[in-house]
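Down below is the structure, laid out as structure tokens.
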Amino acid sequence: MLTRYATLRIAQAERYSPVAARELEDITYTLCVMTGTAGIREAVARADALLTGERAAADIRTTDVDDESGRTLVG
């Protein structure tokens with residue numbers, strides 16, 4: 001969703017399209033609903049934070065597993 005939002009914003013800045021404008025409105029609304037925010041700036045910031053948190057959690061899970069046995073290395 002974030003990638004599509006950014007792509008449409010760039011496309012609209014380069015050349016306005018009514019179809020892309022409608023899709024941008026839809027994606028903006030969806031991002032706000034998904035993140036529980038009222039505005040797109042906050043929605044993008046919250047979505048980025050969620051993705052960063054997921055990446056950090058995935059990194060922790062990856063580094064805490066012994067590749068050969070699949071067992072965790074912690075505790």
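Below, each value reflects all heavy atoms present in this structure, side chains not excepted, and no hydrogens, waters or symmetry copies. Positions are given from 1 along the sequence.
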- [ ] Begin with the C-alpha distance, continue with both residues' side-chain angles, and end with the deciding distance and a verdict on side chain to side chain contact (heavy atoms under 4.5 Å, CB included) for V44 and T37.
- [x] CA-CA 9 Å; V44 169; T37 59; over 6 Å; no
Task: Min side-chain heavy-atom separation R4-E23 under 4.5 Å - done: yes
Open item on the list: Rounded at 0.5 Å granularity, tell me how far CZ in R46 sits from CG in L51.
Closed with: 13.5 Å
Open item on the list: Do Y5 and I40 have side chains that approach each other closer than 4.5 Å (heavy atoms only, starting at C-beta)?
Closed with: yes
- [ ] Carefully, step by step, assess M1 and T30 under the rule side chain to side chain contact (heavy atoms under 4.5 Å, CB included).
- [x] CA-CA 8 Å; M1 291 299 292; T30 302; 3.5 Å; yes
Task: L24 side chain reached by Q12 side chain, heavy atoms, under 4.5 Å - done: yes
Task: Heavy atoms of other groups near M34 CE, more than 12 under 6.0 Å - done: no
Open item on the list: What's the separation between atom CG in L8 and atom OG in S17, rounded to the nearest 0.5 Å?
Closed with: 9.0 Å
